[in-house]
Amino acid sequence: MRYILLLAFIPIFIIALYIYKRDKFQKEPLKELIKAFAAGMCSAAVVILVHEILGLSGIDIDTNVVLRAFVSAALIEESVKFFFFYKLFWNNPNFDERFDGIVYAVYVSLGFAFVENVLYIYQDVSQAVHVAYARAFFAVPAHTLFAIAMGYGAGMAKFSRKRASLYLVSGFIWAIILHGIYDFLLMYSSDLAAINESFSAFIVMLFYIFVIIMWIAGFKRMKKLSDEDEWHL
């Protein structure tokens with residue numbers, strides 16, 4: 001169990017440290033970062049509960065790949081994460097820079113990803129290393145990039161007088177869209193693998209291109225908010 005927890009936590013720690021280092025001007029208090037991470041872990045529990053309630057209610061949101069990707073995964077997960085982020089940090093006095101939106105959104109997302117890591121790795125301990133590597137290079141960074149989109153919107157909204165609501169909502173929507181496309185490409189390519197290998201390979205190629213685009217956009221968003229904070233010092 002300790003080995004599983006270690007495999008699940010290492011990529012989380014690396015990204016958390018990187019985001020902490022990118023917050024160049026006023027570092028967030030450690031207790032607030034721990035609170036954000038814990039909130040993310042709680043959000044994972046809430047998502048599981050939501051799925052259980054939907055299942056018991058007879059509501060099936062996994063009938064096709066679009067619903068699985070955009071509703072079962074993206075909409076529910078990002079909505080719960082956004083709820084915890086907004087509830088705990090929108091009016092938090094430590095949210096005093098634009099880049100803080102990214103910091104807190106990412107730490108909430110990393111808490112969620114940690115629980116998800118443990119669950120996926122624990123499902124099949126014999127494949128623990130393989131699953132851990134796959135999630136370290138794709139799933140965990142992906143959750144981070146969704147959170148950067150959400151945090152960018154929140155960071156812009158926090159210090160915008162005219163378009164605050166637009167920025168906040170657009171960041172939330174972009175997180176859902178990115179998450180949905182990411183999961184759709186993965187799920188669709190997997191479903192196609194046994195039917196049409198060539199087309200499945202094409203979808204996989206699109207997936208890699210999409211991931212690269214997300215990385216580029218994520219770094220640009222971080223740089224923009226960091227530059228904005230520096231200009232307003």
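What you see below is based on every heavy atom in this structure, not just the backbone, and it leaves out hydrogens, waters and symmetry mates.
For the pair W215 and P141, the tightest heavy-atom approach, listed with the atom from each and the gap, is CZ2-CB, 3.5 Å.
With sequence neighbours excluded, the residues forming a side-chain contact (heavy atoms from CB on, under 4.5 Å) with F159 are F95, R98, listed by chain and number. K87 meets the salt bridge (Lys or Arg N to Asp or Glu O under 4.0 Å) test with no other residue; sequence neighbours excluded.
Within the 4.5 Å cutoff, side-chain heavy atoms of I12 are placed close to those of F37. Residues N64 and L67 are in side-chain contact: their nearest non-hydrogen atoms beyond the backbone lie under 4.5 Å apart. Side-chain contact between M222 and V106 is absent, with no heavy atoms from C-beta onward closer than 4.5 Å. Under the 4.5 Å side-chain criterion, counting only non-hydrogen atoms from C-beta, I76 is in contact with I61. Here the side chains of E28 and N92 are not in contact, with every heavy-atom distance at 4.5 Å or above. Side-chain contact between F219 and K223 is absent, with no heavy atoms from C-beta onward closer than 4.5 Å. Here the side chains of I48 and L119 are in contact, with some heavy-atom distance below 4.5 Å. For the pair V140 and N117, the minimum side-chain heavy-atom distance is below 4.5 Å.
Ring orientation note: the planes of F199 and F202 are close to parallel, at an angle under 30° on the 30°/60° scale. Ring geometry, F82 versus F85: the interplanar angle falls from 30° to 60°, so the pair is classed tilted. Taking the six-membered ring where tryptophan is involved, the planes of F138 and F207 are tilted, since the angle between them lies from 30° to 60°.
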Take K158 and E97 through the side chain to side chain contact (heavy atoms under 4.5 Å, CB included) test and state the conclusion after the steps.
-> CA-CA 8 Å; K158 184 74 173 179; E97 294 177 314; over 6 Å; no

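For K220, the NZ atom counts as loosely surrounded, since its 6.0 Å shell holds 12 or fewer non-hydrogen atoms of other residues, nucleotides or ligands.
For F210 and Y182, the distance between ring centers is not under 6.0 angstrom.
Formation of a donor-acceptor pair under 3.5 Å by the K81 side chain with backbone atoms of A105 is not found in this model.
Partner of F89 under the ring pair (Phe, Tyr, Trp, His ring centres under 6.0 Å) criterion, chosen from F83, Y107, Y104, F84: Y104.
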